[in-house]
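The structure appears below as structure tokens.
The chains referred to below are lettered A, B, ... by the order of the sequence lines, with proteins before strands, and numbering in each begins at 1. None of these values were measured; they are calculated from a predicted model. Hydrogens, waters and symmetry mates are skipped; everything else that's a heavy atom, side chains included, is used.
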Amino acid sequence: MRTVFIISIFLFSTSALSFTCPNIRLDKDFPGGKPVNKAKYKTMQSARVQNQDLGICYAYSAAQIADAVRHKRQLEKGKKPDSRTASPVFLAVNTRAAWDEKGLYYKSNGDPHFPFEGGHLCDAFETAGRLGTCPKDKMDTFFDSNKLNEETFFEKLLQVEENLKIKRNDINKIFVKEVSEIYERPISEKENLYEFFVNKATAVKDSITGRNNEIVACTYSAIDELYDSFKDVFGDAFKINRFLFKKFFSPDMFDNTFEISFIFQAICPKEDRLKVNTGSSCNIYDVKKSIASGKSFPFTQKIIEELKADSLPVGISYCSKILSRGPTYDGITTKTSSSLKFKKTENGKNDCGNHASVITGSRWNPKTSSCELLVRNSWGAQCKSYKKHFPSKKYYKEKNPDKTLSQFDIKCENGSIWIDYKALEKNVYRVQHL
Amino acid sequence: MKILVSLSLLIFSINVYSFIPKLVTKKINNYKVEISINCKQKCHASEAVEKLTKEHIQKVRPYVFGGKAVGDVICRKIFKAKVKYYKDNKKNEQHFCLFKDGSYIPVGEFDYIESELAAKK
């Protein structure tokens with residue numbers, strides 16, 4: 001009789017869902033080994049919990065997937081995964097697709113907003129595949145040795161850029177006069193100064209002997225000056241030597257948005273980077289595809305399908321307000337194949353709190369007879385942020401001192417949050433996976 | 001002399017980056033929060049918990065983008081304090097809001113207070 005009852009409960013529980021909810025954790029096993037972890041590889045077992053500083057959540061997610069790809073290779077070879085972690089900021093500054101057109105506009109609104117803040121996970125992952133990833137420790141050492149952090153580092157760079165603009169204008173003035181003499185027309189401000197001088201000057205080298213060398217020399221003396229201005233700002237802590245600076249520096253910098261990526265690639269040269277070998281490219285499963293699938297809870301089903309298939313974390317774009325407002329929050333008002341609209345605040349501003357994180361597990365919760373997904377956030381190894389709605393063991397015990405604690409009551413573990421699939425589905429608008 | 005300078009630099013750098021938070025749980029304004037042990041009766045960190053309002057949250061909204069945690073922005077923008085970085089022995093990271101008087105609080109506590117304030121009508 002009891003067996004029949006259990007079987008019927010099991011059948012009811014699975015039939016209540018239109019998909020299976022496997023017990024998977026990529027970071028570690030379930031407490032006491034129960035339920036059994038169905039993950040083929042625990043590709044996140046040595047991943048650190050990170051705390052983002054800049055608005056580059058997409059790069060944090062891409063960096064974690066890139067690390068998981070490397071760790072999976074190591075596990076497949078029977079090795080223990082290393083503890084090295086990819087630097088998200090390195091990925092962000094080298095992801096051109098993530099850069100907005102406004103560039104650096106510290107002065108325009110009185111607050112730093114860096115052009116690579118906000119972006120897509122797959123773009124950053126493509127950068128990881130193309131350039132490799134920079135070990136986070138290496139970037140951190142650079143910041144630490146300058147007594148800076150990610151935010152103050154870029155603020156300093158903005159100061160350099162301000163100086164650079166002044167210098168560029170000076171160079172422009174001098175060269176406009178020179179070029180006007182050579183070409184009998186003024187140089188446009190939008191023209192690429194480097195190409196204009198070096199390439200076009202080379203073309204007329206024979207007819208105007210000597211001019212080319214002079215112009216090239218002027219351009220490179222400007223690079224020397226720029227190097228000196230970096231030294232002024234950062235002092236001896238600026239570790240890049242003059243030779244390296246000139247070797248990698250592109251004089252295009254004088255005409256284009258500040259090329260921070262060059263500096264980062266010099267700080268973390270190719271030989272120091274970690275290769276991310278993956279046969280598969282990054283795929284986007286958006287609202288359009290989810291609707292076309294005709295499935296119920298399409299994002300949940302896609303996440304689980306990918307978790308099961310690859311043992312790799314799955315990226316999500318979602319409304320982070322769910323973390324502070326709880327499972328009843330619904331941050332998306334319209335989700336159709338042609339329109340995606342987010343909830344607005346009383347004064348008409350976006351309320352959703354658009355964010356990117358990775359899913360690193362799923363579990364069947366017998367207490368709620370529902371499926372839960374494990375969201376690994378980038379707000380540090382802590383559960384204080386979520387304690388109102390997603391309590392950790394400590395906060396659950398504080399609130400419910402007389403209740404017996406089950407692992408399924410614990411909703412937050414070291415910065416990762418278990419969220420019911422129905423609540424998460426309402427707030428997800430994109431899944432990115434390999 | 002050179003060795004002495006190098007040694008003092010080394011000690012200085014160790015001091016800068018060996019922040020180990022020491023916290024106690026306190027009830028402030030009905031919020032049960034963890035706060036630095038050096039905060040006796042009143043300190044800047046406890047005052048921040050007392051002072052934080054819905055209006056403050058509204059004020060920082062424009063700066064919360066790209067998945068930034070609201071607590072980090074509150075620390076920097078509202079209280080003009082510094083974000084201090086802590087790494088545990090596994091290099092897991094956590095941010096703390098460090099005030100001028102040396103008191104500090106995990107920035108996650110500001111996230112929590114924000115969610116409590118939002119729940120109030």
Considering only heavy atoms, which portion of A:K321 lies under 4.5 Å from any heavy atom of chain B: side chain, backbone, both, or neither? side chain
With chain B, which of A:N377, A:N149, A:L323 has the greatest number of heavy-atom pairs at distances under 4.5 Å? A:N149
Go through A:K387, A:Q50, A:H355, A:Q382 and name the one with the most non-hydrogen pairs under 4.5 angstrom from chain B. A:K387
Under a 4.5 Å cutoff for heavy-atom pairs, which residue among A:S385, A:G380, A:S46, A:G118 has the most contacts with chain B? A:S385
With only heavy atoms counted, which part of A:N347 is less than 4.5 Å from chain B, the side chain, the backbone, both or neither? side chain
Which pair of non-hydrogen atoms, one from B:S103 and one from B:H44, has the smallest distance, and what is that distance? OG-N, 3.6 Å
Between B:E109 and B:Y31, is there a donor-acceptor pair closer than 3.5 Å when you use the side chain of the first and the backbone of the second? no
Determine whether a donor-acceptor pair (N or O, by modelled atom type, separation under 3.5 Å) exists between the side chain of A:D27 and the backbone of A:M44. no
Chain A: which of B:K90, B:Q58, B:E116, B:K87 shares the most heavy-atom pairs with it under 4.5 Å? B:E116
Does the pair B:D111 and B:I74 meet the rule for a side chain to side chain contact (heavy atoms under 4.5 Å, CB included), with working shown? CA-CA 9 Å; B:D111 293 332; B:I74 288 169; 5.9 Å; no
Pairing residues for A:K394 by the salt bridge (charged side-chain N to carboxylate O under 4.0 Å, His left out) criterion, not counting sequence neighbours: B:E34
Between B:K27 and A:E398 (salt bridge meaning N to carboxylate O under 4.0 Å), is one present in this structure? no
Does any heavy atom of chain A fall under 4.5 Å from the side chain of B:K91, the backbone, both, or neither of them? both
Flag the one option from B:F110, B:Y86, B:Y85 with the top tally of heavy-atom pairs under 4.5 Å to chain A. B:Y85
